[in-house]
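As the structure is a computational prediction, the values presented were derived from the model and not from experiment.
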Amino acid sequence: MGESLRGIGVSPGRAAGPAYRMTPPPPVPAPTPVTDPDAEADRAATALAAVAADLTRRAAAAAPGAGAEILRAQAMMAQDAELTAAVVAQVRSGCSAPVAIDRALAVHRQAFQSAGGYLAERVADLDDIRDRAVAACLGLPPPGIPDPGHPFVLVARDLAPADTAGLDPGRVLALVTEDGGPTSHTAILARAAGLPAVVRCPGALEIADGVPVAVDGSTGEVAVGVDRHAIAASRIAEQRRRRRLAAGQGPGRTADGHPVALYGNIGSARDLHGDLEGVGLFRTELLYLDRVDAPGRDEQAAAYAEVFAALPGRRVIVRTLDAGADKPLPFLDHGDEPNPALGIRGLRLARRRPEVLRAQLEAIARAARSATADVWVMAPMVATVAEAAGFAAACRDVGLPTAGAMVEVPAAALRARALLGVVDFLSIGTNDLSQYTFAADRQCGQLADLLDPGQPALLELVAACAAAGRAAGKPVGVCGEAAADPRLAPVLVGLGVSSLSMAPRAVPEVREALAAHTLADCRRLAAEALAADDADAPSFRTNSP
């Protein structure tokens, strides 16, 4: 046995096998004189168009759900007219096509980093576009996932959405990255694919290709240089774990029978699988991406009806359009915002384009009338009681009786009791709530500890919302990535949340974790977590699930 590395476990499971690193991006060639600027500009524009087309193809063919959403957003960035114009301007100033692409994207990169928030999260996407476009200019294969001809553990500095969304679980056993964080695209898509994953693992890139490693996606441990006996033992343990989880069925509940609804986070009907009690987060953004015009009511109603029909008699919570920040939509004309993460996004879009929200609510209501699913609707980025009340009134005006608010900013958590006076339920989005509570960008790996959903300050906000729910007799759930953590799930239940919504593949692990604890156990763990000085201290962090 060799050394042991430690990172952040973000997707449960164990895997072992030879490690292989991502194919590196091609170096940008040294500047050379340009003799034909027109031809060089065409070369650069063609490369960007090829990258956008490839990302769009990947989204349509191999990455349903959250993967498709991320890839389409990245494709929109690659074909942005302002980016192309900036590249052409660099060519006109005397740069070759690959150098022009590198320099133009460097300017965009700096602007994204300066903007902070969600745009800062997309810096890795810009880097990936640059690397792919430079490779296209040079006639080289794009950087990406290696193919050693047998299953392997993928090691990278970080994974671009195009790489993560297209992973083949039949080839890739697990993921290990040096950068990233618990709410990064890598973490979210690894959980959706059911792959063990460890992020923010110092020293991972020093692992030589072919060296056998064992990865524990729960504890964050990566054992390097393991022998064949350790590999075999890891694989047997994982097979047993999967069989055990597959045998578990039924609704979520603690060991003493306290019910906890376990829902799925989905982007379309294609994401529905497994034993779900319902859907706690139906993301509707997929209908709006890559559009120059908003989808019509008929198209929307058909997509919603497909999901509702697949879940007869079960609850489906639809989140209205969550655009803006990292998900700009051309037809919404977002304008020039100094900090999009703190600007017109989520429910705030209705301030500028109220007809878009009205059309969506009417389409949801139409689909709900012809289904037996229990359809609820919630708004993202609610900050005040007035916003919540206005949304609830709009829902009831079109015939949607159950309206809720997402708690993603501290202001909403602090006013949870008042919010529940005007809406029927709350759903806590821990990803954004962490980001806004700690003023820490979700993709900033150096701040991963602040984005840990086990942070006591974040848990205090969750506890406040749950207490407000108990006082009002109304449900309060969690639909952020925290809900998918089997070690944290009992803590959330102990704080008083009534439901947990996660990637469907995460449900069996969370169901098992809850079944191993009584409600008293959950409350003890919650009290310990709230009393801790940081996220690492409580016992649920040091005990394996």
Side-chain angles (χ1 to χ4, degrees), residues 261 263 265 278-285 315-325 327 341-351 354 356-358 360-361 364-365 368 374-437 458 460-483 492 495-501:
Y263 297 142
N265 295 344
V279 168
L281 174 59
F282 179 6
R283 304 181 183 94
T284 57
E285 288 74 50
R315 182 165 301 161
V316 179
I317 303 178
V318 184
R319 182 179 70 186
T320 55
L321 178 61
D322 188 15
K327 292 175 282 191
L342 301 179
I344 306 299
R345 58 166 298 207
L347 180 61
R348 299 170 183 179
L349 290 168
R351 298 178 181 218
V356 174
L357 176 62
R358 174 76 182 191
Q360 182 174 28
L361 292 177
I364 296 169
D374 182 18
V375 178
W376 294 12
V377 187
M378 63 183 181
M381 287 298 290
V382 172
T384 69
V385 176
E387 287 178 341
F391 176 74
C395 289
R396 287 160 190 149
D397 190 48
V398 298
L400 292 167
T402 309
M406 291 197 70
V407 177
E408 298 169 284
V409 295
L414 294 171
R415 296 286 288 162
R417 287 180 181 269
L419 287 178
L420 285 170
V422 297
V423 298
D424 303 299
F425 68 97
L426 297 178
S427 183
I428 305 170
T430 51
N431 299 357
D432 272 323
L433 188 57
S434 292
Q435 176 170 249
Y436 292 126
T437 298
L458 178 70
E460 282 195 24
L461 294 177
V462 174
C465 293
R470 286 194 301 273
K474 295 179 178 180
V476 173
V478 171
C479 66
E481 293 304 311
L492 297 175
L495 294 174
V497 303
S498 55
S499 67
L500 300 170
S501 189

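- A 6.0 Å sphere centred on CZ of Arg315 holds more than 12 heavy atoms belonging to other residues, nucleotides or ligands.
- Looking at heavy atoms from C-beta onward, Met378 lies in side-chain contact with Leu281 at the 4.5 angstrom threshold.
- Note that CG of Leu420 is 10.5 Å distant from CZ of Phe425, once rounded to the nearest 0.5 Å.
- Taken from CD1 in Ile428 to CG in Leu461, the straight-line distance is 8.5 Å, to the nearest 0.5 Å.
- A pairwise comparison of heavy atoms in Ser434 and Leu458 identifies OG-CD2, 3.2 Å as the closest pair.
- The nearest pair of heavy atoms linking Cys465 to Val476 is O-CG2, 3.5 Å.
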Only distances under 3.5 Å count here; give the side-chain donor-acceptor pairs of residues 390-399 to other protein atoms, sequence neighbours excluded, each with its distance to 0.1 Å.
| residue | atom | partner | partner atom | Å |
| --- | --- | --- | --- | --- |
| Arg396 | NH2 | Asp424 | OD1 | 3.2 |
| Arg396 | NH2 | Asp424 | OD2 | 2.6 |
| Asp397 | OD2 | Arg358 | NH1 | 2.6 |
| Asp397 | OD2 | Arg358 | NH2 | 3.4 |

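- Taking 4.5 Å as the limit, every side-chain heavy atom of Val375 sits out of range of all side-chain heavy atoms of Thr402.
- Using a 4.5 Å heavy-atom threshold, the side chains of Ile364 and Val377 count as touching.
- Minimum interatomic distance between Glu387 and Met381 (heavy atoms only, all atoms of both residues): OE1-O, 4.0 Å.
- Ala411 and Ala383 get closest at one heavy-atom pair: CB-O, 3.7 Å.
- Annotation: side chain of Leu347 is in contact with side chain of Leu357 (closest heavy-atom distance under 4.5 Å).
- Contact check for Arg319 versus Glu285: side-chain heavy atoms found under the 4.5 Å cut-off.
- For the pair Leu419 and Thr384, the tightest heavy-atom approach, listed with the atom from each and the gap, is CD2-O, 3.7 Å.
- With a 4.5 Å cut-off on side-chain heavy atoms, Thr320 and Pro380 count as touching.
- Side-chain atoms of Ser427 do not come within 3.5 Å of backbone N or O of Met406 as any donor-acceptor pair.
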Val382 and Val407: CA distance, side-chain angles, deciding distance, side-chain contact (heavy atoms from CB on, under 4.5 Å) verdict: CA-CA 7 Å; Val382 172; Val407 177; over 6 Å; no
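- Within the model, atoms SG of Cys479 and CD1 of Ile317 stand 8.0 Å from one another, a figure rounded to the nearest 0.5 Å.
- The structure places CZ of Arg417 at 12.5 Å from NZ of Lys474, a figure rounded to the nearest 0.5 Å.
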message: As a quick check of understanding, evaluate side-chain contact (heavy atoms from CB on, under 4.5 Å) for Asp322 and Arg345, giving each step before the final call.
response: CA-CA 7 Å; Asp322 188 15; Arg345 58 166 298 207; 3.6 Å; yes
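- The distance from atom CG of Leu321 to atom CD of Gln360, rounded to the nearest 0.5 Å, is 6.0 Å.
- Side-chain atoms of Pro475 and Trp376, non-hydrogen and from C-beta on, do get closer than 4.5 Å to each other.
- Across all non-hydrogen atoms, the minimal contact from Val423 to Ala405 is CG2-N, 4.3 Å.
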